[in-house]
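Scope of the values below: all heavy atoms of this structure, side chains included, with no hydrogens, waters or symmetry mates. In what follows, chains are A, B, ... by sequence order, proteins preceding strands, each numbered from 1.
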Amino acid sequence: MKTTRRRAVRRSTRNSRGLSLTELLLGSLLLGVSLAVVAELMALCVMANVKLTRQFDAQAAARIAVDRIKRDVRMAQSIQTEITIDKDNYPSEIKRLTAQKLILHMPIHYLDKRNDPVDSQYSPGSALNPLNGITLKGYYEVVYDLVADSQRPGEFVLQMTCEKNELGPVDETCSYRKEVLRTNPQRIVSGIIGPLEVNAATGSPPRIFSYISKRPNTSIYPGRLDMLKDVALVNTSAVRGISLVGVDLEVKRTDVDAQTAESSTVLDKTLGVHAEVGLRLPPASFGTPMDDLYETTN
Amino acid sequence: MSLVIYAFKSGTYILGAVIPGALVKKLKSKKRVKNRLRAARRASAGMYLVEALVSLVLSGILAFGLLEMFTTSLRAMGRSGNEAAVNEIMDELSEFTRSYGYSRLSPYRGQTQSLFLNKTLATVPESPQFHNRPLVLDMVAKQWQEKTATNAFGSIDGKVTYAIAEGLTPDILNVTITVSWSDSYSQTVRQVRRSLVVMEIQ
């Protein structure tokens with residue numbers, strides 16, 4: 001009886017000895033492997049999420065900027081070679097049309113405040129004023145200007161300014177474009193890093209605007225829309241013939257804490273957009289007859 | 001047996017026979033040991049390798065599910081990106097059509113132009129008389145970041161055709177823009193088409 005009991009106790013001891021080191025190690029290994037897989041997946045998901053957020057951010061910012069420029073170009077009467085800006089307490093400044101600066105000459109159309117849904121005096125029930133749409137005296141200039149970002153070296157910011165150069169007397173019943181009455185430049189999009197000129201030197205500003213004109217006297221392809229060279233942008237007659245404005249933006253979205261454009265990580269997202277938009281008014285039937293002002297030679 | 005034990009628990013007799021207290025104690029103790037041993041065996045059984053493997057397989061299935069979900073979303077993102085680029089091309093060419101107008105398009109009536117996309121380093125464009133600039137991103141005249149350039153329009157052989165056809169009357173032109181492409185990881189050719197009517201304004 002004693003022997004049976006001892007055996008039972010021994011068997012019990014053997015069974016209740018718990019896990020051996022090998023079992024523990026194997027268990028830990030298996031758990032580790034599966035945890036590593038899950039952690040890797042989670043890390044990938046988080047990274048993808050960050051990248052996706054930045055991509056959407058860049059895409060939305062670039063799209064809003066391009067749409068805004070498109071709308072203004074469509075509304076513009078012409079493109080200007082230069083304008084003089086007079087600000088209170090500041091010396092007057094001349095801005096010239098370049099690949100970084102777009103100067104649009106905008107007509108002013110009458111719109112009754114009661115018919116403007118974005119105006120505070122909008123009245124949905126009021127009848128449409130028959131004067132809506134007539135051109136008022138004066139004009140204003142819209143300037144899209146690419147400037148270096150003071151807070152983030154290596155990046156640029158696109159700003160928009162409305163210069164009321166020859167605005168007629170302000171009509172109290174007219175709903176003017178809000179920016180016309182604003183003095184400070186409006187920030188349109190930040191984080192612009194390109195596109196650059198081919199083989200551009202370090203620190204060169206991006207070339208975001210290109211100007212396209214109907215070429216009158218190419219012997220081979222008359223009427224083709226060709227890109228104007230930079231030298232043509234000071235030529236008033238060449239600029240008057242511009243039919244299309246090309247907009248290229250390369251936007252970067254990075255960590256908000258990153259101090260410089262160079263401190264990039266794998267999570268940074270860059271995005272490029274390209275658009276060409278035509279002027280609705282007038283447009284000129286042909287651009288400059290001088291062949292040497294176009295990019296394409298044939 | 002349980003009946004007997006029960007009987008002794010309540011301290012009574014069964015079938016008129018008296019079972020001595022020592023025997024009862026012995027029987028009780030044996031039963032307790034057996035129960036304890038059974039419980040110990042059950043408790044100390046631990047986890048077998050098979051169980052570990054099963055759990056590993058289950059977590060593997062879960063991980064692959066997550067991976068599949070992840071790759072699917074990446075592909076969807078790629079597809080959306082390509083669709084956005086296609087929309088961009090459509091808008092650009094629609095704008096171009098409006099800017100060109102009836103008078104400039106009319107000589108190309110009945111013709112289909114094949115336009116070129118980004119990454120094309122063609123020195124002589126396919127249709128130089130018509131639109132000689134690359135669509136999407138200008139990889140020829142401008143320098144983009146490598147990261148941006150690779151995002152431009154997926155890794156595809158995109159094709160853009162611009163067909164100008166006769167309208168219902170001679171002063172109407174029908175312009176049809178067709179963009180065809182295939183997404184990454186897919187051989188299927190996708191196509192988007194947009195038609196515009198251009199009229200001569202007297």
### Message
Once rounded to the nearest 0.5 Å, what's the spacing between atom CD of B:Glu146 and atom OG1 of A:Thr270?
### Response
10.0 Å
### Query
Contact part of A:Val273 toward chain B, heavy-atom cut-off under 4.5 Å: side chain, backbone, both or neither?
backbone
### Task
Taking the side chain as every heavy atom from C-beta outward, state whether A:Glu276 and B:Asp91 have any atom pair closer than 4.5 Å.
no
### Query
Is it the case that more than 12 heavy atoms not belonging to B:Arg109 sit under 6.0 Å from its CZ atom?
yes
### Nearest-0.5 Å distance, OG of residue A:Ser243 to CZ of residue B:Arg98
15.0 Å
#### Entry: Winner by heavy-atom pair count (cut-off under 4.5 Å) against chain B, out of A:Val251, A:Val37, A:Leu244
A:Leu244
## Note on the structure
Applying a strict 4.5 Å limit to non-hydrogen atoms, the region of A:Leu31 in contact with chain B is neither
### Message
If I compare all heavy atoms of A:Leu30 with all of B:Leu56, which pair ends up nearest, and what's the gap?
### Response
CD2-CD2, 3.7 Å
### Contact class of A:Gln59 relative to chain B, heavy atoms under 4.5 angstrom
side chain
### Query
Tell me, side chain or backbone of B:Ala85 under 4.5 Å from chain A's heavy atoms, or both, or neither?
neither
#### Entry: Engaged part of A:Leu29 at the chain B interface, taking heavy atoms whose separation is under 4.5 Å
neither
### Query
B:Gln145, B:Met69, B:Glu95: which one forms the most heavy-atom pairs within less than 4.5 Å of chain A?
B:Glu95
## Note on the structure
Taken to the nearest 0.5 Å, the spacing of B:Trp144 CH2 from A:Leu196 CG works out to 10.0 Å
### Task
Check whether A:Glu197 gets within reach of chain B through its side chain, its backbone, both or neither, counting any heavy atom under 4.5 Å.
backbone
### Query
What's the verdict on salt bridge (Lys or Arg N to Asp or Glu O under 4.0 Å) for B:Glu88 and A:Arg63, showing C-alpha distance, side-chain angles and the deciding distance?
CA-CA 10 Å; B:Glu88 197 59 52; A:Arg63 178 65 31 234; 2.4 Å; yes
### Message
Rounded at 0.5 Å granularity, tell me how far CG in A:Leu26 sits from CG in B:Leu53.
### Response
8.0 Å
### Query
Do B:Lys142 and A:His274 touch side chain to side chain, with heavy atoms closer than 4.5 Å?
no
### Query
Relative to chain B, which segment of A:Val198 carries a heavy atom at a distance below 4.5 Å: side chain, backbone, both, or neither?
both
